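Please read the structure below before turning to the comments.
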Amino acid sequence: MIKTTPDKYQDIRDAVRALCAEFPDEYHRKIDSERAYPEAFVNALTQAGWLAALIPTEYGGSGLGLAEASVIMEEINRSGGNAGACHGQMYNMGTLLRHGSTAQKELYLPRIASGEWRLQSMGVTEPSTGTDTTKIKTSAVKKDGRYVINGQKVWISRVQHSDWMILLARTTPLADVKKKSEGMSIFMVDLRLAEKTGMTVRPIPNMVNHETNELFFENLEIPEENLIGQEGQGFKYILDGLNAERTLIAAECIGDGYWFIDRVTKYVSERVVFGRPIGQNQGVQFPIAESYIEVEAANLMRFKACQLFDAHQPCGAEANMAKYLAAKASWEAANACIQFHGGFGFANEYDVERKFRETRLYQVAPISTNLILSYMAEHVLGMPRSF
Ligand SMILES: Cc1cc2nc3c(=O)[nH]c(=O)nc-3n(C[C@H](O)[C@H](O)[C@H](O)COP(=O)(O)OP(=O)(O)OC[C@H]3O[C@@H](n4cnc5c(N)ncnc54)[C@H](O)[C@@H]3O)c2cc1C
């Protein structure tokens, strides 16, 4: 494995690596080829307490910060796995922790910490609005102590492997609010109950082994106590969660980046063509060295974002920059890795093509690179608003 500078998270790294070592390449390859869910792997992470890292100790978790959570996600991807199967619980947790009532925390957190319940899903994206989130059409109308949900979501992940979902819906129509970011609320949705009472789930087969779905809501009723925080403030709450999500996914891309660099440096040092290792050619060395530099740089921004988030300070710019840099770096590393494996890069048994597909997703989801650039231009550099 390539050498990286030891940091203060070494104990966590060693422990997560040891657990991941019980799930070698063959395991993840089989799960991918069967389009299955890595149930045994996610259960092992849950039982070892890693997916409850952010839950305070009084609720049965380990009370760690986003920095530690990001190291856990990074190590999963660095080991050859895909944290996409379980990262939702980490960033969804933040919404509940920061904005949930004491009663809600007492109800959900101990059960999530023990593994009785999973909180892996978040329903934001809609087919007709895409990235323009404030235009969402899914509505939640209050009636006799309940909210009635109607509308549609798309690309909602891990619905079949989660017990709960955090749902963003409009409680006041867009036409009736002063600011377009007002009038949206977030709710806890009991997924198994919802499937029987007004929510239809339609899976979307896709390029990655990522369980994701279209959701249709038809008069789904949820109790008013499932509202998180104040009605109408949901967009603000979800932004916190999105910053955590971007930072965690940056860490996963960093894990992917190291994985690609590990594999490709080993391969090019051993593969002999024209009577010498291909890694002796500078045309081969330079793209790999460049990727390593970029992964290391992205890593610094990821820890800056974590530090600000954990200190409850604004971190939108840093979370976006970390996600942008890390997704770009892992993609460049993926390209170098597949290129210098030659034909073998395309063979399933090398795992390169699987990781290549997995890391490509992060140029688009959970936010596309263009939208990050637009955020930076407008909110950080103060240029005129483009939309
Ligand atoms: C596998 C997968 C899992 C996902 N899981 C979830 C989930 O669990 N929950 C959830 O809520 N969502 C989820 N998503 C949705 C994801 O967050 C969106 O796909 C993403 O935010 C992009 O939205 P969109 O697909 O509607 O693209 P669009 O908004 O239609 O944009 C398409 C492309 O157009 C470009 N573009 C759009 N607007 C602009 C602009 N103003 N300026 C410049 N370029 C622009 C961008 O390059 C963008 O990539 C998932 C998506 C995938 C593929």
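Just so you know, ligand 1 is whichever comes first in the structure, and atom 1 is the first atom listed for that ligand. Keep in mind that the numbers below use all heavy atoms, side chains included, and drop hydrogens, waters and symmetry copies. Quantities reported herein were computed from a predicted structural model and do not represent experimental measurements.
Remark: distances from the non-hydrogen atoms of Ser374 to ligand 1 are all 4.0 Å or more. Taking 4.0 Å as the cut-off, Leu371 counts as a neighbour of ligand 1 on heavy-atom distance.
Every atom of ligand 1 is numbered from 1 in the order shown, and the set under 4.0 Å from a heavy atom of Val364 is 20 (C). Those atoms of ligand 1 with a heavy atom of Gly130 less than 4.0 angstrom away are 26 (O), 29 (O). For ligand 1, the atoms closer than 4.0 angstrom to any heavy atom of Ser368 are 46 (C), 47 (O), 48 (C), 49 (O). Atoms of ligand 1 lying under 4.0 Å from any heavy atom of Ser157, numbered from 1 in the order shown and given with element: 3 (C), 4 (C), 5 (N), 6 (C), 7 (C), 8 (O). Within ligand 1, counting atoms from 1 as listed, the ones closer than 4.0 Å to a heavy atom of Phe387 are 41 (N). Under a 4.0 Å criterion applied to the non-hydrogen atoms of Thr131, ligand 1 contributes the atoms 22 (C), 23 (O), 26 (O), 27 (O), 28 (P), 29 (O), 31 (O).
The aromatic rings of His28 and Phe23 lie tilted to each other, with the angle between the two planes from 30° to 60°. Taking the six-membered ring where the residue is Trp, His341 and Tyr267 present parallel rings, their angle staying beneath 30° rather than reaching 60°.
Closer than 4.0 Å to atom 21 (O) of ligand 1 lies at least one heavy atom of the protein. Counting protein heavy atoms under 4.0 angstrom from atom 51 (C) of ligand 1 gives one or more. In this structure, atom 3 (C) of ligand 1 has a protein heavy-atom contact shorter than 4.0 Å. Proximity of atom 42 (N) of ligand 1 to the protein is not indicated, since no non-hydrogen protein atom lies closer than 4.0 angstrom. Of the protein's heavy atoms, none falls inside 4.0 Å of atom 34 (O) of ligand 1.
For Tyr9 and Phe303, the ring centers sit closer than 6.0 Å to each other. In this structure, Phe187 has its ring center closer than 6.0 angstrom to the ring center of Tyr147. Less than 6.0 angstrom separates the ring centroid of Phe356 from the ring centroid of Trp331.
Every N/O-N/O distance between Thr129 and ligand 1 stays at or above 3.5 Å. Where the criterion is an N or O separation shorter than 3.5 Å, residue side chain and backbone included, Asn370 meets it with respect to ligand 1. In terms of polar-atom proximity, Leu361 is not counted as a contact of ligand 1, lacking any N or O under 3.5 Å from an N or O of the ligand. Residue contacts with ligand 1: Pro366 is placed with a nitrogen or oxygen under 3.5 Å of a nitrogen or oxygen of the ligand (distance criterion only). Some N or O of Thr125 is nearer than 3.5 Å to an N or O of ligand 1, by distance alone. Between Gly123 and ligand 1, no N or O atom pair is found at a separation short of 3.5 Å. Residue Trp155 has at least one N or O atom closer than 3.5 Å to an N or O atom of ligand 1.
The local environment of NZ in Lys304 is sparse, with at most 12 non-hydrogen atoms from other residues, nucleotides or ligands closer than 6.0 Å. Counting heavy atoms of neighbouring residues, nucleotides and ligands inside a 6.0 Å radius, atom CD of Gln307 does not exceed 12 of them.
A cation-pi arrangement, defined by a distance under 6.0 Å to the six-membered ring centre and an angle within 45 degrees of its axis, is present between Arg111 and Trp117.
In terms of heavy atoms, Ser121 sits closest to Ser157 at OG-O, 2.7 Å. When all heavy atoms of Ser181 and Thr134 are compared, the pair lying nearest together is CA-CG2, 4.0 Å.
Atom CG of Leu371 sits about 4.5 Å away from atom OG1 of Thr131, to the nearest 0.5 Å.
Salt-bridge annotation for Arg263 and Asp25: present, with a side-chain N of the basic residue lying under 4.0 Å from a carboxylate O of the acidic one.
Here Met122 has backbone heavy atoms under 4.0 Å from ligand 1, and that is the only part of it that gets that close.
Among the candidates Ile112, Leu191, Asp190, Val189, the single residue satisfying the side-chain contact (heavy atoms from CB on, under 4.5 Å) test with Trp164 is Asp190.
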